Amino acid sequence: QVQLVESGGGLVQAGGSLRLSCAAPGRTFSSYTMGWFRQAPGKEREFVAAISWSGGSTYYADSVKGRFTISRDNAKNTVNLQMNSLKPEDTAVYYCAARGGKITAIQISAYDYWGQGTQVTVSS
């Protein structure tokens, strides 16, 4: 079992920035590919970004490409999501997820472990 703990959510005005972090205390991060997903009220959970186990490959949803950046620090067992130029439609609960193995995926069903989520609210 892998426990994931997200932090960094909050309220920000449109055009602003937030940085989300996800930690896996006591776990070796480097054996997992990592992803960020989000779920807005009344909508299904959707893919946001993913990063390979080494950090060498990243993937983004079209809706966030060019605005969000996913990164990881395997020495610190953390993965981050830098979110710039935020829009009201980015408002959602953001979830960190981990997938065992070295094949990066964007499907929700491919991920084995999930955090509790952190709320991001973007006001217009």
Side-chain angles (χ1 to χ4, degrees):
Q1 189 73 15
V2 177
Q3 181 184 10
L4 301 174
V5 181
E6 302 104 333
S7 61
L11 173 64
V12 64
Q13 289 188 333
S17 299
L18 281 174
R19 183 178 177 87
L20 305 183
S21 293
C22 175
R27 282 285 177 171
T28 303
F29 230 42
S30 60
S31 60
Y32 296 90
T33 58
M34 301 299 297
W36 285 96
F37 295 78
R38 67 186 182 186
Q39 188 166 15
K43 295 188 177 181
E44 294 186 350
R45 193 170 298 189
E46 64 177 6
F47 168 75
V48 174
I51 188 166
S52 63
W53 65 276
S54 65
S57 298
T58 56
Y59 306 85
Y60 297 94
D62 288 342
S63 59
V64 307
K65 201 171 295 183
R67 300 188 297 121
F68 290 12
T69 303
I70 188 172
S71 62
R72 69 188 297 160
D73 185 338
N74 287 339
K76 296 182 178 179
N77 286 359
T78 58
V79 60
N80 301 302
L81 185 69
Q82 178 66 42
M83 306 185 295
N84 298 329
S85 302
L86 283 162
K87 305 175 181 179
E89 51 263 44
D90 294 318
T91 296
V93 177
Y94 283 70
Y95 297 90
C96 173
R99 166 180 166 78
K102 296 186 176 181
I103 299 176
T104 308
I106 66 172
Q107 298 85 358
I108 293 171
S109 59
Y111 285 79
D112 305 303
Y113 306 102
W114 293 83
Q116 293 296 312
T118 185
Q119 177 70 46
V120 171
T121 303
V122 184
S123 63
S124 57

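As a basis for the values below, the full set of heavy atoms in this structure was taken, side chains included, without hydrogen atoms, waters or symmetry mates. Because the structure is a prediction, the values reported are computed rather than measured.
- With sequence neighbours left out, Ser7 forms a side-chain contact (heavy atoms from CB on, under 4.5 Å) with Ser21.
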Pair Trp53-Thr104, side-chain contact (heavy atoms from CB on, under 4.5 Å): steps then yes or no: CA-CA 8 Å; Trp53 65 276; Thr104 308; over 6 Å; no
Intermediate values then yes/no, side-chain contact (heavy atoms from CB on, under 4.5 Å), Tyr60 and Val48: CA-CA 6 Å; Tyr60 297 94; Val48 174; over 6 Å; no
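- Closest non-hydrogen pair, Ser71 versus Val79, comes out as O-CG2, 3.1 Å.
- Counting only distance, with no hydrogens or angles, the side chain of Ser17 and the backbone of Asn84 share no donor-acceptor pair below 3.5 Å.
- Every ring-ring contact (aromatic ring centres under 6.0 Å, His included) that Phe37 has, sequence neighbours left out, goes to Phe47, Tyr111, Trp114.
- At a threshold of 4.5 Å between side-chain heavy atoms, the hydrophobic network of Ile, Leu, Val, Met, Phe, Trp and Tyr places Tyr113 and Trp36 in one connected group.
- Scanning for side-chain contact (heavy atoms from CB on, under 4.5 Å) contacts around Ser54 gives Ser52, with sequence neighbours left out.
- For Gln119, the side-chain contact (heavy atoms from CB on, under 4.5 Å) partners two or more places apart in sequence, or in a different chain, are Thr91, Val93, Thr121.
- Here the OG1 atom belonging to Thr69 is positioned 8.0 Å from the CG atom belonging to Leu81, to the nearest 0.5 angstrom.
- Taking OG from Ser31 and NZ from Lys102, the interatomic distance works out to 8.5 Å, rounded to the nearest 0.5 Å.
- A disulfide (SG to SG under 2.5 Å) check over residues 47-91, counting only residues at least two apart or in different chains, returns nothing.
- The line from CG of Leu20 to OH of Tyr95 is 13.0 Å long, rounded to the nearest 0.5 Å.
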Test side-chain contact (heavy atoms from CB on, under 4.5 Å) applied to Leu86 and Leu18, step by step: CA-CA 8 Å; Leu86 283 162; Leu18 281 174; 4.1 Å; yes
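- Contact record, Leu4 with Cys96: CD1-O, 3.7 Å, taken as the closest heavy-atom pair.
- No donor-acceptor pair closer than 3.5 Å links the side chain of Gln82 to the backbone N or O of Arg19.
- Pairing each heavy atom of Pro88 with each of Ser124, the nearest pair is CG-CB, 3.8 Å.
- Ser123 OG to Gln13 CD: the interatomic distance, rounded to the nearest 0.5 Å, is 5.0 Å.
- Judged by distance alone, with hydrogens and angles left aside, the side-chain atoms of Gln39 form no donor-acceptor pair with the main-chain N or O of Ala92 at under 3.5 Å.
- Smallest separation of non-hydrogen atoms from Ser30 and Asn74: CB-ND2, 3.6 Å.
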Candidate pair Val5 and Gln116, rule side-chain contact (heavy atoms from CB on, under 4.5 Å), full reasoning: CA-CA 7 Å; Val5 181; Gln116 293 296 312; over 6 Å; no
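- Ser57 contributes atom OG, which lies 8.5 Å from atom CD1 of Ile51 (distance to the nearest 0.5 angstrom).
- Residue pairs meeting the salt bridge (charged side-chain N to carboxylate O under 4.0 Å, His left out) criterion with at least one partner in residues 39-60, sequence neighbours excluded, are Arg38-Glu46.
- Using a 4.0 Å cut-off between a side-chain N of Lys or Arg and a carboxylate O of Asp or Glu, Lys65 and Asp62 qualify as a salt bridge.
- Checking each of Asp90, Ile70, Val120 against Met83 for a side chain to side chain contact (heavy atoms under 4.5 Å, CB included) leaves exactly one that passes, namely Val120.
- Put simply, the side chain of Arg99 gets close to the backbone of Ala110: a donor and an acceptor are under 3.5 Å apart.
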